[in-house]
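This report concerns only the one structure given below.
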Amino acid sequence: MKQHIYQLFTQALVAIKNKNIVTMEATVDYRVERTKDAQYGDFACNIAMLLAKSARMAPRKLAEQIVTHLPPSEFITKIEIAGPGFINLFLSPQAYHTVIKDILAKNDTYGISQIGAGKSVIIEFVSANPTGPLHVGHGRGAAYGSALANLLTVASFNVFREYYVNDAGRQMDILAVSVWLRYLELCGETIPFPANGYQGDYIWDIAASLHREHKDTLYYPTAQIYEQIPPDSDAGGDKEKHIDALIQQAKKLLGEVAYRHVFREGIDSILNDINQDLQQFGVEYDQWFRESTLTTSQTVQTAIEQLTQAGHTYRQEGALWFRSSQFGDEKDRVLIRENGQFTYFASDIAYHFNKLKRGSAHLINIWGADHHGYIERVKASITALGENAERLTILLVQFATLYRGQERLQMSTRSGQFVTLRELREEVGCDAARFFYTQRKSEQHLDFDLELAKSQSIDNPVYYIQYAHARIASVFRQLSDRQLQWDVKQADLTRLDTSHEYNLLVTLARYSETIENAAHAYAPHQITNYLQTLAQDFHTYYNAHTFLVEEEALRHARLSLIAAVQQVLRNGLKILGISAPEVM
RNA sequence: GUCCCUGUAGCAUAAUGGAUAAUGCACUGGCCUCCUAAGCCGGAGACUCUAGGUUCAAUUCCUAGCAGGGAUACCA
């Protein structure tokens, strides 16, 4: 409909240009918009105000000219010029009746927009380090990322969902050592657990299964392990040196094969846990991409080589540096450390290199706001590799600060102090949690008060929307209980003439526009807001009118309307990953 | 210091540069003999942080402040 009206104005513009009312060169990016208020009709166009200057006419005068040249349309019943020069258009009821038929014909596919035109996009989100369970901070990225992926799918993008697994590097060794030391405690040793180790309870669980599988075969006495290990921080030493020495000791004592076992036990069990957790949260991936494959496949080496050949690297103090400052970064960055190890950044370059080579039109990364400093350097590397950095969009999700009542909770994976996503789901429920996360735009800081989330769960707006869906389901149950029929073809849609029905029809018609706007802005929260409005319009209607009336043509019409509402609620909730219950 | 995000009713938020700034919670007065009261109707509550600028039009864009949060490794 919006398109249709836009076309009408384009034709009118051509007509007035031909009559030299405005100059031929005058081009203008005018808009056809939904009005805020029904008194301004259904759609408004701002073209007259934009053209007024170049036409040297008062906007309202010009608007009159445009209106007289507007081709007739069966859908438009009235045109008014209002305010500073808006052209307001009033639609005929028929224009809205087609919406109901359209929704009921398309069902689950209603609302699909073509703006993505099948373009492929790799969307990477969550990608939490596999050193512990997901906590509520990750939940926001998970909810936002999966909702955005769903939204873009509905907008006809070809979406590929990916989780980047940081399974290389020192932190994974620290994890392995943490598991091993807990295992040794299960063997009966008394271990001074390192300050820098992972102290969460989940480490015990992994150690226990390691112990079940390997019995005491990985056992070494404490005295032997701690021989020549520099002191930990609580003994006045350096906790980093302490844990690094422990890692070396573990590798030496266990040997490569046994160490691998411990290492794998740690990462596999955590990844498995993360995967399950996300699935239960309604998040599915097409691929779990392991950082370690980038070194085994030589991708890191290849990428660095390519940078070097292009002259974008140099050696200094034993390290290999990337001249990222020449590409907008604030300083140069190390790729290969003095000790010969690749930096995390080197893997990251290789990972993006890999993704760009896969031929996807676009990459989207969803990162926590703490990574914003990374944006420039990653984009710099893409440019330096000869690719277009615009192919990558990085969306930052601001932190969720967690409170329990007044108390602010500090979250740290290392110390084992955090509220897990799983606990959150169990406390507030999956639907409410997802709704809570996707209610606000991603750049907005989020104070997540657990007490509030729990206590408000009963009047959480998510139930308001779900209830609308369930209520409609209930009406149709009543229908069959009373042995009545419903058939769209027998509906006289012209009977939908109350203001409540008009409001609902307008809101329904706005759904496709909402999808497009939300997809364009990467903003699933707009769907959330929309659904709230739709549910509200429905609840109002529900209380104002009876649907199961005697008169058949009217009954069929009203039932068609609410069936359409239910369908749109279902489609919208699906994007958000929230269930649409039949009964509540 | 530099960089990023945010300042909107008591609270939490919304509003592709458009008209009288929207929603929920909290507050307040009503509505179940009626398709689910997890609902509805009414009331009250805002100089959209400040000062400039661009524009016919600014919550939105630009500049400078002020306030809150975050980032600033040869860590991952």
Side-chain angles (χ1 to χ4, degrees), chain A residues 31 33 35-37 39-40 44 46 48-50 52-53 58-59 82-86 88 129 131 166 168-172 174 240 291 316-321 330-331 333-348 368-376 396-399 401 439-447 449 452 456-468 470-479 481-482 513 516-518 520-521 523 525-526 528-530 532-533 535-536 538-549 558-559 562 583-584:
Chain A
R31 298 275 160 81
E33 291 299 326
T35 56
K36 271 186 188 169
D37 194 318
Q39 67 165 301
Y40 301 125
N46 61 355
M49 292 176 288
L50 296 174
K53 190 172 262 184
F86 289 105
N88 293 336
N129 290 341
T131 53
N166 296 120
R170 197 172 78 112
Q171 56 165 356
M172 296 314 304
I174 295 176
E240 304 292 346
E291 180 187 358
Q316 187 180 306
E317 292 163 10
L320 186 75
W321 294 72
E330 60 187 50
K331 55 174 284 203
R333 308 287 172 178
V334 171
L335 298 175
I336 303 176
R337 284 182 264 168
E338 209 176 344
N339 64 9
Q341 299 258 303
F342 293 123
T343 57
Y344 174 81
F345 179 47
S347 304
D348 229 19
D370 54 332
H371 282 71
H372 97 265
Y374 257 77
I375 297 175
E376 282 307 322
L396 295 180
V397 177
Q398 290 296 323
F399 270 144
T401 313
Q439 219 177 349
R440 349 194 121 158
K441 50 182 174 187
S442 55
E443 315 90 88
Q444 192 77 36
H445 293 276
L446 176 62
D447 282 341
D449 183 340
L452 205 65
Q456 283 193 344
S457 65
I458 201 69
D459 43 25
N460 188 312
V462 72
Y463 300 112
Y464 182 83
I465 297 169
Q466 289 181 318
Y467 183 48
R471 256 187 163 176
I472 296 169
S474 174
V475 171
F476 282 97
R477 282 194 296 273
Q478 288 282 328
L479 181 75
D481 286 353
R482 298 187 199 177
E513 294 157 33
E516 294 188 358
N517 289 340
H520 189 72
H525 77 273
Q526 292 184 8
T528 316
N529 287 329
Y530 169 84
Q532 257 180 103
T533 307
Q536 185 168 49
F538 168 74
H539 286 307
T540 300
Y541 182 41
Y542 182 97
N543 277 24
H545 299 281
T546 307
F547 311 139
L548 300 175
V549 291
R558 288 186 171 167
L559 290 173
I562 66 168
V583 185
M584 283 177 77

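Residue numbering restarts at 1 for every chain, and letters A, B, ... go by the order of the sequence lines.
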Query raised in the report: Considering only heavy atoms and no angle criterion, is a donor-acceptor pair shorter than 3.5 Å present between the side chain of A:Gln39 and the base of B:rU20?
Result: yes
Query raised in the report: Just checking A:Asn88: base, sugar-phosphate only, or nothing, at a heavy-atom cut-off of under 4.0 Å?
Result: base
Report, one pair per line, the protein and nucleotides 71-74 of chain B atoms (nitrogen or oxygen only) whose separation is under 3.5 Å.
unit_1	atom_1	unit_2	atom_2	d
B:rU72	O2'	A:Glu330	OE2	3.4
B:rC74	O2	A:Glu338	N	2.7
B:rC74	N4	A:Glu317	O	3.4
B:rC74	N4	A:Glu317	OE1	3.1

**Report entry** Shortest side-chain distance from A:Gln398, nucleotide among B:rC40, B:rC35, B:rC5
**Finding:** B:rC5
Report task. Identify, with sequence neighbours excluded, every residue that meets ring pair (Phe, Tyr, Trp, His ring centres under 6.0 Å) alongside A:Phe547. Result -> A:Tyr541, A:Tyr542
Report summary line: Rounded to whole Å, the OH-C1' distance (A:Tyr463 to B:rG24) equals 16 Å
Report task. Please report, rounded to the nearest Å, how far the C1' atom of B:rC31 is from the OH atom of A:Tyr542. Result -> 14 Å
Query raised in the report: Which part of the nucleic acid, if any, lies within contact of A:Ala44, taking any heavy atom under 4.0 Å across all strands shown: a base, the sugar-phosphate backbone alone, or nothing?
Result: base
**Report entry** Distance in angstrom units between A:Leu446 CG and B:rC5 C1', rounded
**Finding:** 13 Å
Report task. Among B:rA76, B:rA37, B:rC35, find the nucleotide with the atom closest to the side chain of A:Arg471. Result -> B:rA37
Requested in this report: Please indicate whether A:His545 has more than 12 foreign heavy atoms, meaning atoms of other residues, nucleotides or ligands, lying under 6.0 Å from its NE2.
Outcome: yes
Report summary line: When rounded to the nearest 0.5 Å, the distance separating CG of A:Leu320 from OG1 of A:Thr343 is 9.5 Å
Report task. Would you indicate what A:His525 reaches in the nucleic acid, counting non-hydrogen atoms under 4.0 angstrom: base, sugar-phosphate, or nothing? Result -> sugar-phosphate
Query raised in the report: With sugar-phosphate meaning primed atoms plus P, OP1 and OP2, does A:Tyr464 contact a base, only sugar-phosphate, or nothing at under 4.0 Å between heavy atoms?
Result: sugar-phosphate
Restricting both atoms to N or O, compile the protein contacts to nucleotides 46-50 of chain B shorter than 3.5 Å, with distance only.
none

**Report entry** Identified pairing partner of B:rU2, criterion: Watson-Crick or G-U wobble below 3.5 Å
**Finding:** B:rA71
Show me the protein contacts with nucleotides 53-59 of chain B, counting only N or O atoms at under 3.5 Å.
unit_1	atom_1	unit_2	atom_2	d
B:rC56	OP1	A:Lys53	NZ	2.5

Query - Any residue meeting side-chain contact (heavy atoms from CB on, under 4.5 Å) with A:Ala82, in chain and number order, not counting sequence neighbours - result: A:Asn88
Requested in this report: Go through the structure and list residues passing salt bridge (charged side-chain N to carboxylate O under 4.0 Å, His left out) with A:Arg471, not counting sequence neighbours.
Outcome: none
Query raised in the report: Just to confirm, is there a sub-4.0 Å distance from OP1 or OP2 of B:rG24 to any side-chain nitrogen or oxygen of A:Gln536?
Result: yes
Requested in this report: Would you classify A:Thr540 as touching base, sugar-phosphate or nothing, given that sugar-phosphate means primed atoms plus P, OP1 and OP2, and contacts are heavy atoms under 4.0 Å?
Outcome: sugar-phosphate
Query raised in the report: Of the candidate nucleotides B:rC35, B:rA14, B:rG68, which contains the atom at the shortest distance from the side chain of A:His445?
Result: B:rG68
Report task. Would you please confirm or rule out a distance under 4.0 Å between OP1 or OP2 of B:rA14 and any side-chain N or O of A:Gln444? Result -> yes
Query raised in the report: Pick one for B:rC32: is it syn, with its angle within 90° of 0, or anti?
Result: syn
Query raised in the report: Looking across every strand, which nucleic acid part, if any, lies under 4.0 Å from A:Phe476 by heavy atom: base, sugar-phosphate, or nothing?
Result: nothing
Requested in this report: Look at all strands and tell whether A:Ala470 reaches a base, only sugar-phosphate, or nothing, counting heavy atoms closer than 4.0 Å.
Outcome: base
Query - Watson-Crick or G-U wobble partner of B:rU8, both distances under 3.5 Å - result: none
